[in-house]
K.L.:
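My structure is below; once you've seen it, I'll send some questions.
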Amino acid sequence: MKNWKRAATGTVAAGLLIALVMKILGQSFLMIGDLLFMVGLALIVFGAICVLLKGHLFTGWRHLWHRKDKVEPLPGEKVPLKHVASVKNSPIVVNTFARFGLVSGICYIILGVVFTI
């Protein structure tokens, strides 16, 4: 997904088209707003998961759970503490999928609130 702005705009436009079709079929604005709000929440959760996947949360976890005197390290497994710390303290990475999910989710939530009001 190289152009996340175009994808987010297309997704929001498709949501508005579906909302228009639902209104033509006789659904209330409250139901359409609720649906758009829930889709927005799901997209924000998707974006948050994409951010957390790049977080290196499990870097060095095996060294915490296994003591050196109990378990022999695997060949090539010794990881320096400074390397683990530098990876864990690296800046937050917001990739294109996360941007797509967060931006389109916020747009859907705003549209859901507008349709509900």
Side-chain angles (χ1 to χ4, degrees):
M1 184 178 303
K2 292 184 180 183
N3 196 353
W4 64 271
K5 292 177 186 177
R6 182 178 291 171
T9 305
T11 303
V12 173
L16 283 174
L17 185 62
I18 290 172
L20 177 67
V21 169
M22 286 177 68
K23 186 60 185 168
I24 290 172
L25 293 175
Q27 298 294 327
S28 67
F29 279 118
L30 185 64
M31 179 177 275
I32 295 170
D34 289 344
L35 179 69
L36 290 175
F37 191 84
M38 294 301 284
V39 169
L41 285 178
L43 284 170
I44 285 180
V45 168
F46 170 74
I49 289 172
C50 288
V51 169
L52 288 176
L53 285 175
K54 291 286 189 175
H56 305 290
L57 298 176
F58 296 113
T59 302
W61 69 273
R62 188 170 190 280
H63 298 286
L64 294 174
W65 296 106
H66 299 290
R67 301 286 177 224
K68 289 182 181 179
D69 56 356
K70 293 180 185 175
V71 178
E72 290 294 323
L74 298 173
E77 187 187 19
K78 292 201 176 210
V79 179
L81 182 63
K82 290 190 182 224
H83 174 69
V84 172
S86 67
V87 169
K88 282 190 161 293
N89 290 331
S90 63
I92 296 172
V93 176
V94 182
N95 58 10
T96 56
F97 290 111
R99 284 190 184 117
F100 163 74
L102 295 173
V103 169
S104 58
I106 289 170
C107 290
Y108 270 117
I109 286 177
I110 290 171
L111 286 172
V113 170
V114 168
F115 274 104
T116 302
I117 293 176

K.L.:
How would you list, by chain and number, every residue that makes a side-chain contact (heavy atoms from CB on, under 4.5 Å) with Val94, sequence neighbours excluded?
P.N.:
Val51, Ile92, Ala98, Arg99
K.L.:
Which pairs would a plain distance check flag for residues 7-20, meaning a side-chain donor or acceptor within less than 3.5 Å of a matching protein atom at least two apart in sequence or in another chain?
P.N.:
residue: Thr9; atom: OG1; partner: Lys5; partner atom: O; Å: 2.8
residue: Thr11; atom: OG1; partner: Ala7; partner atom: O; Å: 2.7

K.L.:
Membership question, hydrophobic clusters at under 4.5 Å side-chain separation (ILVMFWY): are Met31 and Leu25 in the same one?
P.N.:
no
K.L.:
I'd like a table of donor-acceptor pairs (distance under 3.5 Å, sequence neighbours excluded) in which one partner is a side-chain atom from residues 34-46, with atom names and distances.
P.N.:
none

K.L.:
Using 0.5 Å steps for rounding, measure from the NZ atom of Lys23 to the CZ atom of Phe115.
P.N.:
9.5 Å
K.L.:
For Trp4 versus Val103, what's the shortest heavy-atom pair and its separation?
P.N.:
CZ3-CG2, 3.5 Å
K.L.:
I need the Leu111 CG to Ile106 CD1 distance, nearest 0.5 Å.
P.N.:
12.0 Å
